[in-house]
Number of protein chains: 2
Amino acid sequence: MKWDTLDEEPCSLSRTVAVVGDRWTLLILRECFLRVRRFEAFQSSLQITRHLLSERLKKLVRFGILRRVPYSETPKRYEYILTQKGLDLYPVIMAMVHWGDTHMGDERGRPLLHEHKTCGKLFDPVMVCSECGEVLHAKQVHVHAGPGRKEAVG
Amino acid sequence: MKWDTLDEEPCSLSRTVAVVGDRWTLLILRECFLRVRRFEAFQSSLQITRHLLSERLKKLVRFGILRRVPYSETPKRYEYILTQKGLDLYPVIMAMVHWGDTHMGDERGRPLLHEHKTCGKLFDPVMVCSECGEVLHAKQVHVHAGPGRKEAVG
DNA sequence: TTTGACAGTTCTATTTTGGAACTATAGCCT
DNA sequence: AGGCTATAGTTCCAAAATAGAACTGTCAAA
């Protein structure tokens, strides 16, 4: 597989993996959702090398997930803010957090608790069907080739 | 960061990333959800090197996401089947597929369409609050340190 | 004038990955 | 018996990605 063209594959998972499917990007995005915005802050909280952090931030900007916004003119300094496209990754992050809570926990209990401001309660994220609202399970889903697949396959 | 102990960090996202946060693992899991089970089948559909495929499958077995089940005695041959822990990754995969559908599409249309057998309709996966059922948005969620975090931090 | 904060870049060593060939077991065909 | 094929890997070397540390440049404050 050629990683440089993974975002053009006729598969939405491949295209997403092309963007967030490396060791650091998801952790950087976690920090973004925790309101981290600046180079030094990412670096010190993640212990990522400055080189890689710089690369990954550029990549996220290039894909339109972060915006690089000046917050000081002299000297020129920038911070990194989630775009709507970036904010839309929230379900991906939350799905992973929930799986980690469920299957990778230890005796210390959950690292973080999530409160839904709308209803005021601590919650778990649940994935449901957009049409009937039922909780989704892999075995109740049937997959069809869509137009993008048919055209790609022939 | 030390990748070999990422699964012990006091953060559920880190722990999940420790398992699925590399270039190949999510693509292998996609194939699992599409009912692929055998070494040769993974290899030919993903074009992953045999070496890496072997490594990744071992890792997924070690973490209890796949089971290695014999399907032939002479010669000994095995196939790889999702455990419940593996099936529970479905929301992660679906969240990524949905993000790809929404933000990484091209003029050809969606590669795959998903039908919910329960209601018979083509659907999108939606993440909701377990308590009130409302659709989740990052800005409506407040994060608290849980017991696992407090104990780890001090 | 020196120090420190911030946002990177540059350099080398180590690790991971890609690509191709090789091994091992066994069934099937002639 | 001898050779072909299928399956599930392992081995080896080259290429690419990552880690770790030092360095650059701008400006503010002491």
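Order of the sequence lines sets the chain letters (A, B, ...), proteins ahead of strands, with each chain counted from 1.
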Kindly say whether [Y] contributes a backbone atom to a donor-acceptor pair with the side chain of [X] at under 3.5 angstrom?
X	Y	answer
A/Thr83	A/Ile65	yes
B/Arg38	B/Val36	no
A/Ser130	B/Val126	no
A/Gln43	A/Ile48	yes
A/Thr16	B/Gly100	yes
A/Lys85	A/Phe63	yes

- Query: Got a salt bridge between A/Asp7 and A/Arg15, using NZ or NE/NH1/NH2 to carboxylate O under 4.0 Å?
  - Reply: no

- Query: Is it true that A/Arg50 and A/Glu40 have a side-chain N and a carboxylate O under 4.0 angstrom from each other?
  - Reply: yes

Please check the phosphate of [N] (OP1 and OP2 only) for any side-chain N or O of [X] closer than 4.0 Å.
X	N	result
B/Trp3	D/dA19	yes
A/Thr49	D/dA21	no
A/Tyr78	D/dT26	no
B/Tyr80	D/dG9	yes

- Message: Both B/Pro75 and A/Arg77 contact DNA chain C. Taking the nearest nucleotide for each, which residue is further toward the 5' end?
- Response: A/Arg77

- Note on the structure: Tested for side-chain hydrogen bond (donor to acceptor under 3.5 Å, both in side chains) against A/Tyr80, the lone hit among A/Glu31, A/Arg68, A/Arg67 is A/Arg68

- Give a yes-or-no answer on whether the side chains of A/His51 and A/Thr49 include a donor-acceptor pair shorter than 3.5 Å. no

- Would you kindly say whether A/Tyr71 and A/Arg77 are connected by a side-chain donor-acceptor distance under 3.5 Å? no

Nearest whole angstrom, please: distance from the [atom2] of [N] to the [atom1] of [X].
X	N	atom1	atom2	result
A/Arg23	D/dA16	CZ	P	18 Å
A/Gln43	C/dA5	CD	P	14 Å
A/Glu79	C/dA5	CD	P	19 Å
A/Leu53	D/dA19	CG	P	12 Å
B/Leu46	C/dG18	CG	P	11 Å
B/Lys76	D/dA6	NZ	C1'	18 Å
B/Asp4	C/dT16	CG	C1'	14 Å
A/Leu52	C/dT10	CG	C1'	14 Å

- Message: Between the opening five pairs and the closing five pairs of the helix from C/dT1-D/dA30 to C/dT30-D/dA1, how far apart are the helix axes, to 10°?
- Response: 10°

- Positions of residues 35-42 of chain A (non-hydrogen atom under 4.0 Å from DNA chain D), listed by number: none

- Looking only at N and O atoms, is any donor in the side chain of A/Arg50 or the base of C/dA7 less than 3.5 Å from an acceptor on the other one? yes

- Message: Is the distance from the ring center of A/His114 to that of A/His116 below 6.0 Å?
- Response: no

- Sorted by number, residues from residues 54-67 of chain B placing a heavy atom under 4.0 Å from DNA chain C are B/Arg56

- Note on the structure: Against the side chain of A/Trp24, the closest entry in C/dT10, D/dT18, C/dA26 is D/dT18

